[in-house]
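Structure record follows, encoded as C-alpha cells.
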Number of protein chains: 2
Amino acid sequence: MADIREVAKRANVSPSTVSRVLGGTTRVVEEKRARVLAAIDELDYRPNVSAQSLKGIRTRTIGLVIPNVRNLVLPAAIRGVEDVARNHGYAVVLCNTDEDSEKEQFYIKTLKSRLIDGFLFTTAKINSHNIKDLQAEGFPVMLLLRELDEQSHAVVLDHYNGAYQATNYLLSRGLKKIGLVNGSLDIKLYDERYAGYRSALKEAGLKVPDEAVVHGIDGGIEAYRAATRILLNRVDIDAFFATSDDKALGVMRAIKDLGLSIPGDISVIGFDNADIALLLDPPLTTVAQPLYEMGAAACQQLIEMIEAKQPVTPQIQRFPAEVVIRNSVK
Amino acid sequence: MADIREVAKRANVSPSTVSRVLGGTTRVVEEKRARVLAAIDELDYRPNVSAQSLKGIRTRTIGLVIPNVRNLVLPAAIRGVEDVARNHGYAVVLCNTDEDSEKEQFYIKTLKSRLIDGFLFTTAKINSHNIKDLQAEGFPVMLLLRELDEQSHAVVLDHYNGAYQATNYLLSRGLKKIGLVNGSLDIKLYDERYAGYRSALKEAGLKVPDEAVVHGIDGGIEAYRAATRILLNRVDIDAFFATSDDKALGVMRAIKDLGLSIPGDISVIGFDNADIALLLDPPLTTVAQPLYEMGAAACQQLIEMIEAKQPVTPQIQRFPAEVVIRNSVK
DNA sequence: AAACCTTTTGAAAACGTTTTCAATTATTTT
DNA sequence: AAAATAATTGAAAACGTTTTCAAAAGGTTT
C-alpha cells in the first residue's frame, strides 16, 4: 500500500498537507486539495490505522463480548451492532466468553493492547469487576441486553413488563393455571420476568402454582426435563410460560412426547421471538424483544460515547416488549 | 498503560533489552531477564500492538467475512474459528456482507488499512475478484464452507457424498419417490448436492422425478411455498430431501399444514445438522456437517499460513458428511 | 597476561502518521 | 504602496515499538 509520502510527492505537497486534507483539521487551498484527493484516489491510499492510533487517533474498532454466538437470540443483536458499526466506519471484534471469567479477562487484556475504542458487553453473568475497572480506566463501556447499575450505560428490554404482558395474555385467553419454566434467578432478567409473571397473577387474584414453577433452567434440554417432570407429576396446568424461546422449544417437545396437544391441551408462550419461533409447530406465540434494534441502539450509543469530547452521563435505555400472537396459545 | 521505557527504567535496563526478553529473539542474561519479567508483571505491561505492527510485526487479527450471522449454520463454524483464534492469541473481526459485493469491498478496504494478518471467507456467492486481488497482494486467504479453485486454500464438506448418502438412506428405507428442495445451482455446494442425489437415484435405477425437484430456494419460507406447490399438484412423492435444515423446516411445515404426517405420509431429510434440528417435531434426520471442526480447521490453517515463512501450497480439506438418524424418516 | 572470540548490551534509526511551530504567502488595512 | 494581519504551508518532533550496529563485557586460547 502507498504511504502518505508517496501521495504527497505525487500531489507535489508535503505529507503534512495530505494529512490535513484527510483529517479536515485545517483549511487547505482548493487547488492543492484537489491534487491531493486525486493522488489519493490514483494510489488507492488509505491511512495506516496503526500509525494513526500511535498518535492517539481512534482505531474505530469496538470489542463485542458475548457469551456465545451459538445462541437463538444473540445473532440478531450482533447484526444490529455490526450494521451501525459499519455505517460509522467501525469494525467489531467478536469475543465469546461462555460466561467464563478467565476468557473474559483474556479478551479484555488483548483488546486493550489492541487499542480498541470501546467495549460492548452482552453477557449475563459478567464479572462486574472487569467492567468497573474498564470504566475507571476511561474506556467507553456499553451494556447490551443486561444492566449493571446506574453508573453504567445499558440498552435493555423491559423484562418485567414483557412477562407481565405474556401472563396477562394467557389470562385473557382464559388460562388460569400457568406453569413457569424460568432461567436462573441470579440473572437479573430472569428475576424480572419472574416478577412480571407474579404481578399479573396477583392482580388477577391468582396465586403462583409453586409445583409448576421451576427456575435455573438453561437451554432446551433442561426445559424438556423440567416440563416432563411437572407433567408426569400430574400437576394441573393449562399453560406454560417459558421465559426464553429455547426453553419453549423444550417444553413443547415435552408436551408432545406425552401425547398432549398444543394448544389443545396445554398452551405455551415463549420469550424472545427468536428467528425460529415462526417456524415451529405450532408457530410459537412469544414475547418479542426488538433484538436488532437494541443492538443497533447500543452500538450507536457506544460510538457517541467514543466520539464525545467529555464523558456522557450514564443512561439506561429500556425497550418495550411486545407479545406476538401465533398459534401456540389457545 | 505503562510503556516499554517505564519497564526498562524499573528493571534498570534499556528498552531494547525489554523488547528482547519479550520477543525471545536474542538471549538476555538470566539476572536481567528476571528483573524485566518482574517489572512487566508489576506494571501489567502489554506491548502496544499498533507500535508493533508499524514495525512489521503481525497484529494477530484476522477478518472473518460471512454472509450473515443470523443463520442456522454459521454460528457453529464461527465458534470453531474463534476458539482456535483465541488459543493462538488472535482476535477475529466479524464482517457480515449479505453477499453484497459492495459491503464486501468496503470490509476488505477497512480490514486492509487495519493491518489484518489474514482473511477467512465464508460467503457463498463471493466476488472472486476480491479474493484473487487479496491473494495477489500477498494476504493469506482461507475459504471456509466454500471453495473457489485449486489455487485457493479451503475447508469444505464433501457435499456430493453427503447428498449421496442422504439419498441412499432414504432409498434404504424403501422410499423411492424422493422430491428435492434445493438451493441455487449457481452456488457450487447446491450443485454438488444435486449431483450426489442424482447419482444415488441413478445407481438405484430410478430416474429424477422432475416435477418434484425445485432449485433456487433460499430459506424456510420459500421452501414452504415450494413444497406446498408440489404437494398441491398431487405429485406422487414419499419423501423430501431438503438440502439445508432451514429448507427442511419449511418443508415440514408445508407437509403438516396439508394435514399429512411426518414420517407417516412423507419422510423428510435435511442437511447441515443445525443446532435446532434435534428439537424439531419430529426431530430431523439430516446430514451433519462438522461445522465447528471445519471452522477450527480453517482458522488453524490460516494461522499456519500467516506464521509460515514462505507461502504454503494451496490445499483443499474436504470433511466427510454423515447422516444423523432421528425420526423424520420412516 | 595478551590477544582473540563470543556473548550481551545500549544508542539510535526506523515504521507511518499527526501536530506544533515557524516561515511563507496572501489578504486587508492604512 | 507599505504595513499589518490572516491564511496556508513545510520541517521536524513525537507516538511505542523493533532491530541494526557498534561497543562493552565476559571467556578462551595462546
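Note on naming: letters A, B, ... go to the chains in the order of the sequence lines (proteins, then strands), and numbering restarts at 1 for each one.
Rounded to whole Å, atom C1' of dG10(C) lies 13 Å from atom CD1 of Ile4(B). Atom CG of Asn12(B) and atom C1' of dG10(C) are 12 Å apart (whole Å). Atom CZ in Arg58(A) sits roughly 14 Å away from atom P in dT18(C) (whole-Å rounding). Rounded to whole angstrom, the span from the CD atom of Glu30(B) across to the P atom of dT8(C) amounts to 11 Å. Computed from coordinates, the Leu22(A) CG to dT19(C) C1' distance equals 15 Å when rounded to whole Å. Rounded to an integer number of Å, the gap from CZ of Arg33(B) to P of dT7(C) is 17 Å. Rounded to an integer number of Å, the gap from Leu54(A) CG to dT18(D) P is 12 Å. Distance CZ (Arg35(A)) to C1' (dT8(D)): 13 Å, rounded to an integer number of Å.
Atom CG of Asp218(B) sits in a sparse spot, with 12 or fewer heavy atoms from other residues, nucleotides or ligands closer than 6.0 Å. Counting heavy atoms of neighbouring residues, nucleotides and ligands inside a 6.0 Å radius, atom CD of Glu137(A) exceeds 12 of them. Atom CD of Glu150(B) has 12 or fewer heavy atoms from other residues, nucleotides or ligands within 6.0 Å.
Applying the 4.0 Å criterion to OP1 and OP2 of dG10(D), one finds that Thr17(A) has a side-chain N or O inside that range. An OP1 or OP2 oxygen of dT18(C) is reached within less than 4.0 angstrom by a side-chain nitrogen or oxygen of Gln52(A). Here Arg5(A) reaches the OP1 or OP2 of dG16(C): one of its side-chain N or O atoms lies under 4.0 Å away. When the side-chain nitrogen and oxygen atoms of Thr25(A) are compared with OP1 and OP2 of dT18(C), none of them lie within a distance under 4.0 Å. Of the side-chain N and O atoms in Arg27(B), none sit less than 4.0 angstrom from OP1 or OP2 of dT7(C).
Candidate nucleotides dT17(C), dG16(D), dT9(C) were compared by shortest atom distance to the side chain of Arg20(B), and dT9(C) ranks first. For Ser19(B), whose side chain is taken as the heavy atoms from C-beta onward, the closest listed nucleotide among dT18(D), dT9(D), dT9(C) is dT18(D). Closest to the side chain of Thr26(A), out of dT9(D), dG16(C), dT17(D), is dT9(D).
With salt bridges taken as basic N to acidic carboxylate O contacts below 4.0 Å, none links Arg46(B) and Asp3(B).
Lys55(B) contributes no side-chain N or O that forms a donor-acceptor pair with the base of dT17(D) under 3.5 Å. Between the side chain of Ser16(A) and the base of dA11(D) there is at least one donor-acceptor pair of N/O atoms closer than 3.5 Å.
In this structure, Tyr90(B) and His88(B) have perpendicular ring planes: the angle between them is above 60°, well past the 30° mark.
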